Undergrad: 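Take a look at this one; I'll ask things after.
Just so we're on the same page: letters track the sequence lines, and every chain starts at 1. If you're wondering where the values come from, they're calculated on a predicted model, not measured in any experiment.
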There are 2 protein chains.
Amino acid sequence: MVSAPLAAVRSGAPAKERLRLWIRILRASRLIEAVLRERLKTRFDTTLPRFDVLSALDRAPEGMAMSDISRFLLVSNGNVTGIVERLVTDGLASRTKRDGDRRTSIIKLTPQGKDAFAAMAEAHERWIDELLGNLPEDEARALAGTLKTFESNWEGGA
Amino acid sequence: MVSAPLAAVRSGAPAKERLRLWIRILRASRLIEAVLRERLKTRFDTTLPRFDVLSALDRAPEGMAMSDISRFLLVSNGNVTGIVERLVTDGLASRTKRDGDRRTSIIKLTPQGKDAFAAMAEAHERWIDELLGNLPEDEARALAGTLKTFESNWEGGA
DNA sequence: GTATGAAATTTTAAGGTTGAAATATATTCG
DNA sequence: CGAATATATTTCAACCTTAAAATTTCATAC
């Protein structure tokens with residue numbers, strides 16, 4: 001028996017299959033994002049990036065440094081500066097200096113920010129539920145598991 | 001026997017499961033996009049949006065209208081204007097008027113654009129192959145199938 | 001043929017995004 | 001201490017992105 005060519009030894013789907021999969025992932029997320037963006041705009045007069053930052057802050061009652069936010073959301077440092085700035089202007093977030101290190105800003109939700117986010121999060125969950133509604137439970141679970149593996153493989157990699 | 005509460009009649013995974021899945025999809029695509037963006041920048045001195053437009057044009061040898069491009073890429077009309085403008089400036093694309101309708105521009109790759117894209121596409125496929133390398137073939141196929149169903153459900157919807 | 005409305009595209013204003021340079025503060029170590 | 005180095009953040013220039021308004025051209029119906 002002749003051994004398989006080197007490329008075939010590689011585990012997993014062939015390259016073309018992976019490429020097609022990537023394009024599907026990309027299109028799916030863009031479609032969903034477009035819907036979310038539009039609804040956040042019309043119903044809450046806000047944007048997806050703002051929602052993302054609020055969402056990050058909401059899970060950190062003790063507050064987050066700017067760099068924590070950018071790392072968590074996978075966006076650049078400078079990006080977060082502008083978004084947080086507008087959230088602070090709108091009274092949804094606050095920035096304070098950390099004791100002992102004047103470089104670090106601690107960003108927190110204000111009570112108003114918490115309330116605003118709670119309303120958005122509730123709607124957001126309903127929207128996602130609607131958009132992914134056709135997905136059978138077992139597929140959802142399998143898909144989530146697969147993607148989780150990716151993430152842990154990539155973290156810190158690149 | 002008492003009938004199940006209305007919410008439980010809904011087919012598919014529960015809301016929280018779907019929400020988690022969506023967050024995973026989003027993070028996966030952002031992670032991949034970040035890698036692609038960085039590599040396109042360092043190795044080809046270009047951007048992801050430019051690559052996307054070149055990619056769309058490459059599959060249409062007879063050219064595309066501006067609105068075809070934006071529809072295909074799921075981005076706004078005005079967005080495409082700027083990107084194509086820069087591609088034309090760089091000599092990678094050309095715009096001509098269609099006979100009989102002076103509103104419509106036909107955008108095509110120049111020979112230089114075709115060559116440039118061919119090189120990028122080859123690298124791009126390798127990168128995706130590398131990034132999705134751990135994915136077993138059956139999971140890849142399942143995932144792609146699921147996502148395809150979504151897309152067809154959404155097309156025209158929203 | 002002229003007005004009316006539709007279609008393709010561009011322009012505009014506001015905001016998001018990046019990578020790199022600049023700024024400010026902390027830490028380390030000679 | 002003081003210099004060099006590292007860390008946290010902001011600023012900057014360039015580009016991307018959207019939604020909405022404006023422009024240009026076409027098609028249709030009087």
Undergrad: Partners of B:Arg30 by side-chain hydrogen bond (donor to acceptor under 3.5 Å, both in side chains), sequence neighbours excluded?
TA: A:Glu33, A:Asp52
Undergrad: Which atom names give the shortest non-hydrogen contact between A:Ser105 and A:Arg95, and what distance separates them?
TA: OG-NH2, 4.0 Å
Undergrad: For A:Phe51, give me all partners under ring pair (Phe, Tyr, Trp, His ring centres under 6.0 Å), at least two apart in sequence or on another chain.
TA: A:Phe117, A:His124
Undergrad: I want to verify a distance call: between D:dT10, C:dT9, D:dC26, whose nearest atom is closest to the B:Asp101 side chain?
TA: D:dC26
Undergrad: How close or far is atom P of D:dT7 from atom CZ of A:Arg98, stated in whole angstroms?
TA: 14 Å
Undergrad: Grab the NZ-C1' distance between A:Lys97 and C:dT25 for me, whole Å please.
TA: 9 Å
Undergrad: With respect to the phosphate group of D:dT7, does any side-chain polar atom (N or O) of A:Arg71 fall under 4.0 Å of OP1 or OP2?
TA: no
Undergrad: C:dT9, OP1 or OP2 - any side-chain N/O from B:Ser67 closer than 4.0 Å?
TA: yes
Undergrad: Taking DNA chain D as the partner, which of residues 45-58 of chain A come within under 4.0 angstrom of it by heavy atom?
TA: none
Undergrad: Indicate the atoms forming the closest heavy-atom contact of B:Ala93 with B:Ile107, along with that distance.
TA: CB-CG2, 4.2 Å
Undergrad: Is the phosphate of C:dT25 approached by A:Thr104 (side-chain N or O, under 4.0 Å from OP1 or OP2)?
TA: no
Undergrad: Side chains of residues 57-74 of chain A: which donor-acceptor partners sit under 3.5 Å, not counting sequence neighbours?
TA:
unit_1: A:Asp68; atom_1: OD2; unit_2: A:Ala65; atom_2: N; d: 3.1
unit_1: A:Ser70; atom_1: OG; unit_2: A:Ser67; atom_2: O; d: 3.2
unit_1: A:Ser70; atom_1: OG; unit_2: A:Asn77; atom_2: OD1; d: 2.9

Undergrad: Nearest whole Å is fine: how far is C:dA8 C1' from B:Asp68 CG?
TA: 11 Å
Undergrad: Which residues pass the salt bridge (charged side-chain N to carboxylate O under 4.0 Å, His left out) test with A:Arg50, not counting sequence neighbours?
TA: A:Asp90
Undergrad: Without decimals, in angstroms, what is the distance between A:Asp90 CG and C:dG15 C1'?
TA: 12 Å
Undergrad: A:Arg103: what forms a salt bridge (charged side-chain N to carboxylate O under 4.0 Å, His left out) with it, not counting sequence neighbours?
TA: A:Asp101
Undergrad: Within the structure, does a side-chain N or O atom of B:Arg102 lie under 4.0 Å from either OP1 or OP2 of D:dT24?
TA: no
Undergrad: Using the test side-chain hydrogen bond (donor to acceptor under 3.5 Å, both in side chains), find all partners of B:Gln112 that sit at least two apart in sequence or belong to another chain.
TA: none
Undergrad: Going by the rule side-chain hydrogen bond (donor to acceptor under 3.5 Å, both in side chains), which residues pair with B:Lys16 if we only count those two or more places apart in sequence or in a different chain?
TA: A:Glu125
Undergrad: Specify the separation, in whole Å, of atom CE of A:Met64 and atom P of D:dT9.
TA: 11 Å
Undergrad: Going 5' to 3' along nucleotides 18-24 of chain C, which nucleotides have protein heavy atoms under 4.0 Å from the base (write B), which only from the sugar-phosphate (write S), and which from neither (write -)?
TA: B------
Undergrad: Give one of base, sugar-phosphate or nothing for A:Gly82, where a contact means two heavy atoms less than 4.0 Å apart.
TA: nothing
Undergrad: To the nearest Å, give me how far apart CD1 (A:Ile83) and C1' (D:dT11) are.
TA: 16 Å
Undergrad: Of A:Ile106 and A:Arg30, whose closest DNA chain D nucleotide lies nearer the 5' terminus?
TA: A:Ile106
